[in-house]
Structure formats: C-alpha cells, structure tokens
Trainee: 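One structure is given below, represented as structure tokens, and several questions about it will come after.
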Amino acid sequence: MLKLASIEKAYKTAGGSVPVLKDLSLEIEGAGFCAILGPSGSGKSTLLNIIGLLDRPDSGQVFLDGAPADFASAAEAARLRNRLIGFVFQSFQLLPRLTAWENVALPLLYRNVPRKDRKPQALAMLERVGLGDRAEHHPNQLSGGQMQRVALARALVSNPRLLLADEPTGNLDSVTASEALTLLRTLNRDFGVTIVMVTHDRDLAMTCDRQIEIRDGRIIADTRRQ
Ligand SMILES: Nc1ncnc2c1ncn2[C@@H]1O[C@H](COP(=O)(O)OP(=O)(O)OP(=O)(O)O)[C@@H](O)[C@H]1O
Ligand SMILES: [Mg+2]
C-alpha cells in the first residue's frame with residue numbers, strides 16, 4: 001500500500017537547517033491499523049505530511065500502491081492525494097464559514113462529484129459518525145468531539161484507501177476519545193481503510209495492529225501485535 005525509501009527531510013530556518021527525518025524507510029501493508037508514537041518534535045507530523053504528499057522530502061521516495069509519487073508535479077501529487085488519501089489533522093481545520101455537511105462535502109468538490117450528489121453523500125457520512133442531527137451547524141456551534149467527528153467524516157467521504165490521522169483524539173476527553181477510537185476501528189474494519197495514526201498515548205497505540213516508534217527522526221522500534 002505504502003512504502004517510504006530513505007526519506008530525508010530538513011527544515012530551513014534563519015538559524016540554519018534543522019534535520020527532522022533521517023534516512024527513514026518504512027513499509028505499511030493494506031487494511032491495517034498502525035500507530036506512530038514518539039515524543040513531541042520527533043518528526044511524526046512531518047512524516048505524516050510526507051506520506052500524505054502534503055510536503056516533499058529532500059531526498060528519498062514515497063511509493064503509493066507501488067507507484068512512486070511525483071513530488072515535482074504539485075498537480076499530480078494533489079490528484080493522487082484526492083484519489084487515495086484522507087487526512088485528519090492535529091487541529092481539525094474545518095472551514096468556519098461552512099456548515100458541517102459543507103465541510104464534509106469539500107473533498108467531493110475536489111473530486112468533481114456532481115453538486116446534486118455531494119449533499120446526500122456528506123449527510124450519509126455525518127450520519128455514519130453519529131452527527132446526522134448537526135449537519136447545518138457551523139464549527140463554532142459544535143463541541144470539540146463533534147468537530148473531530150466532522151473532520152473524520154470529511155476525511156472518509158471520498159472513500160480513501162488510506163486514512164492519515166494526526167493525534168485525532170489529542171484534544172478530546174477520555175470518554176470522547178475512546179468513542180472516536182471505536183469509530184476509527186469500525187471504519188477500518190467496515191471500509192477496509194488502512195489507517196496510520198499518530199498518538200502520544202501508548203495504551204491507545206497498543207490496541208493498534210502495529211506500533212512504530214520514532215525518536216529524533218528515526219524509527220527506533222517497530223512492533224506488531226501478536
Ligand atoms: N515549518 C517548520 N520550519 C522549521 N522547523 C519545523 C517546521 N515544522 C516543524 N519543525 C521542526 O521539526 C521538528 C519535527 O516537527 P513535527 O511537527 O514533525 O513533530 P511532531 O513529532 O509531530 O511533534 P508533536 O508531537 O509536538 O506534534 C520539530 O523540532 C519542529 O520544531
Ligand atoms: Mg505533530
């Protein structure tokens with residue numbers, strides 16, 4: 001499903017170049033639920049952004065479905081992203097002026113789904129995450145857990161093969177977090193979506209199929225649940 005080969009990434013700042021990912025290679029097979037663990041600043045979000053073709057590595061390659069991603073062409077990367085990948089960000093990144101269903105429908109717009117089909121598909125996905133009765137609410141009229149579910153619905157509405165979730169439960173209380181996780185797990189099973197989830201929570205990570213641990217831009221452990 002997904003392969004990274006010798007990824008290097010540094011950020012250039014006024015103070016010089018900050019190396020973040022160092023010769024990182026990784027293979028993730030389809031339909032699994034994989035957790036990425038590591039301390040703050042270790043490069044988890046950077047890694048997820050590169051997997052999701054939102055950012056380009058300095059060197060190394062990303063293969064999606066066996067094909068190397070062409071970072072040279074932003075349009076090509078966007079096309080591949082729209083076709084294969086759903087994102088749930090560390091901050092939900094909902095558009096405040098749009099209602100819940102309009103936020104969920106956005107990826108359908110990018111995929112050129114006809115207007116008349118967008119609303120029913122968005123509503124069905126909101127229904128799926130238990131928010132059918134909040135479709136006309138704007139983000140500022142929703143609780144944190146509800147915003148998180150809208151973000152999840154938006155990530156899943158275009159039927160991605162790969163869901164990348166950056167601390168999807170980080171801003172939620174423990175009850176809401178555990179509900180969100182149950183939802184993710186159901187989606188993983190029912191839709192066969194491959195999930196890669198960044199989390200600080202080791203207990204939560206241990207419930208996933210696989211735990212990849214990052215420290216200072218390198219993978220220091222990669223374990224699978226028996
Ligand atoms: N745009 C940027 N410019 C310069 N440095 C950056 C930039 N983005 C991230 N960094 C640095 O890169 C390192 C890795 O950042 P990253 O966001 O990937 O960490 P993370 O593991 O996701 O941390 P957290 O758990 O706090 O979200 C950090 O030290 C950070 O300061
Ligand atoms: Mg992060």
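When a ligand or atom number is given, it counts from 1 through the structure's own listing order. Here the structure is a predicted model, which is why all the values come from computation and not from measurement.
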Trainee: To check you understand the geometry: which heavy-atom pair defines the closest contact between Thr199 and Ala35, and what is its length?
Mentor: CG2-CB, 4.4 Å
Trainee: Regarding Asp70 and Arg79, does a basic nitrogen lie under 4.0 Å from an acidic carboxylate oxygen?
Mentor: no
Trainee: Decide, yes or no, whether a salt bridge links Arg224 with Glu29 under the criterion of side-chain N to carboxylate O below 4.0 Å.
Mentor: yes
Trainee: So which residues, sorted by chain and number, lie with a heavy atom under 4.0 Å of ligand 1?
Mentor: Tyr11, Thr13, Val20, Pro39, Ser40, Gly41, Ser42, Gly43, Lys44, Ser45, Thr46, Gln90, His200
Trainee: Of all heavy-atom pairs between Asp166 and Ser45, which one has the smallest distance, and what is that distance?
Mentor: OD2-OG, 2.6 Å
Trainee: Would Lys119 and Glu136 pass as an ion pair if we require N to O under 4.0 Å?
Mentor: yes
Trainee: Taking 2.8 Å as the cut-off, does an N/O/S atom of Ser40 lie below it from the Mg ion (ligand 2)?
Mentor: no
Trainee: Identify the heavy atoms of Glu213 and Arg215 that sit nearest to each other, and give their distance.
Mentor: OE2-NH2, 3.1 Å
